[in-house]
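Everything on this sheet refers to the single structure shown next.
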Amino acid sequence: MVTLNHYLLVSGLLFSIGLAGVVVRRNILTIYMCLEMMLSAANLTLVAFSRFRLVDGLPDYNAQALVFFTITVAAAEVAVGLAIIVALFRARQSVDITAVEKLKG
Amino acid sequence: MPAVLFYLFSALTLVFGLLVVVLRNPVASALSLVMSFVGLAALFISLDAYFIGIIQILVYAGAVMVLFLFIIMLLDIKAEALKKVNAFSVVGGALLAIVFIVQLGMILSGLDAGKKTVNDVPVHFEAAAQTQKLPTIKEDLAKKSLPDTKLVGLTLFHRYPFQIQLMGALLLVGTVGVVILSKREVN
């Protein structure tokens, strides 16, 4: 049977894949996609806990409201982030993060 | 939801999630992420969160990933040349992921609340119909159907009215910011 632990484990695996992607990849766009993946993994945890913690016999809709806000913030963040990536590409002609290391000590 | 479907959709989510990291062509990565999000949306729906599942497909798999594909094709990015992969970062990333998973496994193995299945905590339609005040939600609950979207809307607009206006302001600021960021300087 599928338990809450199964959902939490899938969410954790997805999060760790995204985390590894952020560390390993050097293409800014792929790093950004991995960030989105981590946000969605957190959303899965929230929805799972919402379903398994009943309030007045219904799933806890506060958690789903939080997921709604997360998705909204993520959408706004993607728009701004991609605009920054386009500006960066205009300045450097590259989307490789090794092209942007002026702040490196 | 039958266990088979759960395993199918989690495998879909995780395999395509892994492909996002492994594939070198950004277009292939983006399309894999779309498939991963579709699997995730199915998992949301299996948890009776129909509204969030549909939003996941519409906003993430639809709008956000189309934006990604637009930018990838606008910038005309070729697949990364097969440079030597930085062994240090690969080992570091894999190690981070493994440490995270081991920690999670240790926590989950001791979590008694996590051993419940969805059938152990069924939605109580009668009890919910007693406590809910809106007639439209009461009618749906009396018919033993979960008015998911109505309940999310009720929570959003009754409990978080200020926050939802804040979201509107955030989206406006984001839109203005994107326009300013992508405007070329005219000398």
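Predicted, not measured: the structure shown is a model, and the values here were computed from it.
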Name the region of [X], side chain, backbone, both or neither, that has any atom closer than 4.5 Å to a heavy atom of chain A.
X: B:Leu95; value: neither
X: B:Ala63; value: neither
X: B:Phe68; value: both
X: B:Ala129; value: neither
X: B:Leu111; value: both
X: B:Gln163; value: both
X: B:Leu104; value: side chain
X: B:Phe37; value: side chain
X: B:Phe88; value: neither

What residue in [options] has the most heavy-atom pairs under 4.5 Å with chain B?
options: A:Tyr61, A:Phe68, A:Tyr32; value: A:Tyr61
options: A:Asn5, A:Ile85, A:Leu13; value: A:Asn5
options: A:Ile31, A:Val23, A:Leu19; value: A:Val23
options: A:Thr72, A:Leu9, A:Leu44, A:Val86; value: A:Leu44
options: A:Val95, A:Ile71, A:Leu82; value: A:Leu82

Side chain / backbone / both / neither for [X] at chain B, heavy atoms under 4.5 Å:
X: A:Glu36; result: both
X: A:Arg90; result: side chain
X: A:Ile84; result: both
X: A:Phe49; result: neither
X: A:Val10; result: both
X: A:Leu54; result: side chain
X: A:Val73; result: both

Proximity of residues 116-128 of chain B to chain A, residues having a non-hydrogen atom under 4.5 angstrom: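 Interface residues of residues 116-128 of chain B: B:Lys116, B:Thr117, B:Val118, B:Asn119, B:Val121, B:Pro122, B:Val123, B:His124, B:Ala127, B:Ala128.
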Just checking heavy atoms, which of residues 168-177 of chain B are less than 4.5 Å from chain A?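 Hits under 4.5 Å: B:Leu170, B:Leu171, B:Gly174.
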Does the side chain of [X] come under 3.5 Å of the side chain of [Y] through a donor N or O and an acceptor N or O?
X: A:Thr30; Y: B:Ser29; result: no
X: B:Ser10; Y: A:Tyr7; result: no
X: A:Asp96; Y: A:Thr98; result: yes

Is there side-chain contact between [X] and [Y], with at least one heavy-atom pair below 4.5 Å?
X: B:Leu5; Y: B:Ser46; answer: no
X: B:Pro147; Y: B:Thr136; answer: no
X: A:Asp56; Y: B:Gln130; answer: no
X: B:Lys150; Y: B:Leu134; answer: no

Find the distance between [atom1] ([X]) and [atom2] ([Y]) and round it off to the nearest 0.5 Å.
X: B:Ser36; Y: A:Leu14; atom1: OG; atom2: CG; answer: 5.0 Å
X: B:Met167; Y: B:Phe162; atom1: CE; atom2: CZ; answer: 10.0 Å
X: A:Leu8; Y: B:Ile107; atom1: CG; atom2: CD1; answer: 10.0 Å
X: B:Leu40; Y: A:Met37; atom1: CG; atom2: CE; answer: 10.5 Å
X: A:Cys34; Y: A:Leu29; atom1: SG; atom2: CG; answer: 11.0 Å
X: B:Thr149; Y: A:Gln64; atom1: OG1; atom2: CD; answer: 9.5 Å

Report yes or no: do [X] and [Y] belong to one cluster of Ile/Leu/Val/Met/Phe/Trp/Tyr joined by side chain heavy-atom distances under 4.5 Å?
X: B:Ile71; Y: B:Val178; result: no
X: A:Val67; Y: B:Phe157; result: yes
X: A:Ile28; Y: A:Val80; result: no
X: A:Ile97; Y: A:Phe89; result: yes
X: A:Met33; Y: B:Ile57; result: no

Does the ring centre of B:Phe44 sit less than 6.0 Å away from the ring centre of B:Phe51?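 Aromatic pair excluded; centres sit 6.0 Å or further apart.
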When only pairs under 4.5 Å are counted, which of [options] shares the most heavy-atom pairs with chain A?
options: B:Val59, B:Leu181, B:Val20, B:Leu151; answer: B:Leu151
options: B:Ile52, B:Leu96, B:Val90; answer: B:Ile52
options: B:Ile164, B:Val91, B:Leu154; answer: B:Ile164
options: B:Ile101, B:Val179, B:Val99; answer: B:Ile101
options: B:Leu47, B:Thr155, B:Leu14; answer: B:Leu47

Over 60° means perpendicular and under 30° means parallel, so classify the ring planes of B:Tyr7 and A:His6, tilted if in between.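 Rings of A:His6 and B:Tyr7: perpendicular, as their planes differ by over 60°.
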Parallel, tilted or perpendicular, judged at 30° and 60°: which one describes the rings of A:Phe69 and B:Tyr160?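 Perpendicular.
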B:Tyr60 vs A:Ser40, side chain to side chain contact (heavy atoms under 4.5 Å, CB included): CA-CA, chis, key distance, verdict: CA-CA 9 Å; B:Tyr60 265 120; A:Ser40 298; 3.8 Å; yes
